[in-house]
Amino acid sequence: MKKYILLVAALLIAGTTLGAEKHLSALFGYSVFYLPDENLPYVETYLDFDARSLNLLKESDNGYRATVEVTLVVRKNDTVEYLKKYDLKSPFTASPQMDDFTFFDLHRFALKNGIYDLEISMKDKASSDKPFVLKEKLYVYYVAGRTAASNVQLMASVTPTDQVNNMTRNGYEMMPYINDFVPAEVSVLYPYMELYNVEKEVGDKPYHVAIHIEQSENGRIISGTYQQRSYTPNKQLQPIVSSVDVSNLPSGNYKLVVEALNNANDPFFRKEVFFQRSNPDVVEEQLTEDMVAVSFAALITDEQKLNYYIRALYPISSPQEISVAEELIPQTDLAAKQTYFYRFWITRNAMEPENEWNKYYEKLKYVDENFSYPKTPGFLTDRGRIYLQYGPPDYVRDEKNFVGVKGFVAQPKVSSNTDRTSERYNQRDDNGQGHVHYLPYIIWRYNRMENDFPNRVFLFWDEHRSGYYKLLNSNARGELRTPGWERMLCRNQLEEEVLGDVGHQFERGM
């Protein structure tokens, strides 16, 4: 099995509309694709503006419209690799009150392989507000002649066409769907992905592309969403276009997954895109009392213990599950709690829910034995939560009285081959100017984490030398990132913008 780490689409929401005063609101996203016959990677950026957040002004007799000044800058090692500044105009309306619509912009440009800093600035030209600026890391990596895949881009609509315009690609006219929120009125999702040079992987044998939706928290495939189609490897670029019915998909967090499999059904690519579904009129199948009565959950008859177990699930629970549990725990209803507990695990592993709980219970015992603090059970500590969520770390460094050396010379910026790009690396000056005393800290490194880049690092600190360690900084997706964390750890003994010994340890993950 081969795995390739490629760019995953980024999603950001900028601003809101408050009262009568208008503030720019937009969705921004981007994707990276490849033209194998030209060995040319290229980037698509997407902007979707809410006209209600903009000022529509009179333009001659044509009516009213808004104008947004857009500046797109792509830098690599402080060198500008691409720059585009343009005015994006909305459609005309008959009056400034007719603003209940959105308008879209798609922009394409070529880039060589590398890691870039993308910055996009947006300003309503009829507003006194300052420009709204978004910054993203941009990763481009395609090798000529090698099998590769683009990320999965959701589309709002897909229509076959012979026409060629800015919204067409490979025989389809497509409107990107760049919001990770899917409301009830959206009944169909259209995933789009491109495969490149597949024959290098499968030879002349047919291959298959499977698409399904799975729960984000546990990877359980949603019944009725799986589909598979076969292809022959006769194209350098194979577009993958499909439609997935989500009309009966309940509210929750999901991933739409696209897998490419060889003729032996071994996957050689897996790409996924996260989305959040709101569909309050659809509920999951209800568990019956008989189903729960013969389950392992019915054997837990100590309600206080069951409350503890339910709370201990929080590190791997969805926000919706936590909300339900918070309402349920104070109640005196053992049967309802047993049902909740059984449902939780059957959604993680429908075939072996008890086995899934037993594996988690072993980890729970470990964190309670090793990370508990007076009046704080292990699963409520940062180390306990992370251990339960991600499993045991691959590397641990535990420092009680670490002393570093002052005296560093700033060096040029250097980029690693993942999204953990160092802002600076400093080389120690032989003429050190004293020592840096750090509070007790622990570093955990995970070589691989699901849905993240390799070598994710967590640094915990004992701020009060009490034996209680809290998370101070991490480079893992969705985890705490603390500016100036190393100065906090050494009580400001380092100058600002200077990387010390522990900063180097964090960068190396050891």
Side-chain angles (χ1 to χ4, degrees), residues 216-220 295-297 299-318 321-322 325-326 329 337-338 340-349 351-400 439-452 454-480 505-506 509-510:
S216 178
E217 295 84 7
N218 53 49
R220 181 173 70 93
S295 74
F296 66 95
L299 300 177
I300 309 174
T301 56
D302 184 330
E303 191 164 357
Q304 186 174 356
K305 180 181 290 187
L306 186 54
N307 287 341
Y308 179 84
Y309 289 161
I310 291 174
R311 292 175 67 223
L313 302 179
Y314 286 3
I316 60 170
S317 298
S318 69
E321 288 170 330
I322 293 175
E326 288 289 291
I329 287 173
K337 293 172 184 178
Q338 291 171 334
Y340 174 91
F341 194 73
Y342 182 57
R343 176 184 292 282
F344 183 95
W345 289 110
I346 203 171
T347 59
R348 267 71 182 171
N349 188 334
M351 301 301 294
E352 298 180 309
E354 184 176 5
N355 184 54
E356 205 70 26
W357 157 240
N358 288 336
K359 289 189 295 183
Y360 187 80
Y361 181 60
E362 290 302 314
K363 291 193 290 184
L364 178 61
K365 288 193 296 183
Y366 179 86
V367 302
D368 279 348
E369 291 170 2
N370 291 274
F371 306 136
S372 291
Y373 195 74
K375 298 184 179 180
T376 305
F379 70 86
L380 287 179
T381 67
D382 286 342
R383 285 185 295 169
R385 189 269 299 175
I386 290 165
Y387 190 98
L388 291 170
Q389 190 170 346
Y390 304 115
D394 297 293
Y395 170 86
V396 175
R397 179 173 187 147
D398 190 346
E399 296 284 0
K400 296 294 189 296
L439 291 168
Y441 65 93
I442 296 173
I443 290 176
W444 285 6
R445 185 188 73 233
Y446 289 83
N447 295 339
R448 296 282 178 182
M449 285 176 59
E450 186 179 0
N451 305 321
D452 207 340
N455 300 323
R456 302 293 82 183
V457 180
F458 296 82
L459 188 142
F460 308 89
W461 69 325
D462 183 358
E463 182 180 6
H464 304 294
R465 294 187 180 271
S466 63
Y468 186 71
Y469 285 83
K470 296 190 299 182
L471 180 62
L472 178 59
N473 193 53
S474 177
N475 60 5
R477 182 172 296 160
E479 293 289 349
L480 177 68
Q505 293 170 13
F506 184 90
M510 60 187 301

(request) Go through the steps to decide whether I329 and Y308 satisfy the test side-chain contact (heavy atoms from CB on, under 4.5 Å), and finish with yes or no. (result) CA-CA 9 Å; I329 287 173; Y308 179 84; over 6 Å; no
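- Closest heavy-atom contact between N473 and L471: O-CD1, 3.6 Å.
- Closest approach of K337 and L306 over heavy atoms only: CB-CD2, 3.5 Å.
- With ring centers used as reference points, W345 lies 6.0 Å or more from Y361.
- Using a 30° and 60° split on the angle between ring planes, Y468 and Y373 fall in the tilted class, from 30° to 60°.
- In terms of the side chain to side chain contact (heavy atoms under 4.5 Å, CB included) criterion, residue partners of K363 (sequence neighbours excluded) are, by chain and number, Y360, Y387, L388.
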(request) Evaluate side-chain contact (heavy atoms from CB on, under 4.5 Å) for F458 paired with N475, printing each intermediate quantity in order. (result) CA-CA 7 Å; F458 296 82; N475 60 5; over 6 Å; no
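- Across every non-hydrogen atom of L472 and L480, the tightest pair is O-CD2, 3.6 Å.
- Taking OH of Y314 as the reference point, atom CD of Q389 lies at 15.0 Å (rounded to 0.5 Å).
- Rounding to the nearest 0.5 Å places CD of Q338 at 14.5 Å from CZ of R343.
- Rounding to the nearest 0.5 Å places CD1 of I346 at 13.0 Å from CZ of F341.
- Of all heavy-atom pairs between S372 and G378, the closest is OG-N, 2.9 Å.
- Using a distance-only test at 3.5 Å, with no hydrogens or angles considered, no donor-acceptor pair links the side chain of N447 to the main chain of N455.
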(request) Start with the C-alpha gap between F344 and W357, add the side-chain angles, then the distance that decides, and say whether ring-ring contact (aromatic ring centres under 6.0 Å, His included) holds. (result) CA-CA 9 Å; F344 183 95; W357 157 240; 9.1 Å; no
(request) Would you sort out whether E303 and K305 count as a salt bridge (Lys or Arg N to Asp or Glu O under 4.0 Å), showing the intermediate values? (result) CA-CA 5 Å; E303 191 164 357; K305 180 181 290 187; over 6 Å; no
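- Looking only at side-chain heavy atoms (C-beta outward), F296 and P353 come within less than 4.5 Å of each other.
- Here the CG atom belonging to L459 is positioned 13.0 Å from the NZ atom belonging to K470, to the nearest 0.5 angstrom.
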(request) Would you sort out whether Y441 and Q505 count as a side-chain hydrogen bond (donor to acceptor under 3.5 Å, both in side chains), showing the intermediate values? (result) CA-CA 11 Å; Y441 65 93; Q505 293 170 13; 2.7 Å; yes
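- The salt bridge (Lys or Arg N to Asp or Glu O under 4.0 Å) pairs that include a residue from residues 371-396 are R385-E479, where partners are two or more places apart or lie in different chains.
- Between the side chain of R465 and the backbone N or O of L439 there is no donor-acceptor pair closer than 3.5 Å.
- The nearest pair of heavy atoms linking Y446 to P392 is CE2-O, 3.5 Å.
- Note on ring orientation: taking the six-membered ring where Trp is involved, the planes of W444 and F371 are tilted (angle from 30° to 60°).
- Contact detail for R311 and F379: the closest heavy-atom pair is O-CE1, 3.3 Å.
- Taking CG from D462 and OH from Y469, the interatomic distance works out to 5.0 Å, rounded to the nearest 0.5 Å.
- At a threshold of 4.0 Å, the pair K359-E356 counts as salt-bridged, since one of the basic side-chain nitrogens sits closer than that to a carboxylate oxygen.
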(request) Check the pair R445, M510 against side-chain contact (heavy atoms from CB on, under 4.5 Å), reporting the backbone distance first and the verdict last. (result) CA-CA 7 Å; R445 185 188 73 233; M510 60 187 301; 3.8 Å; yes
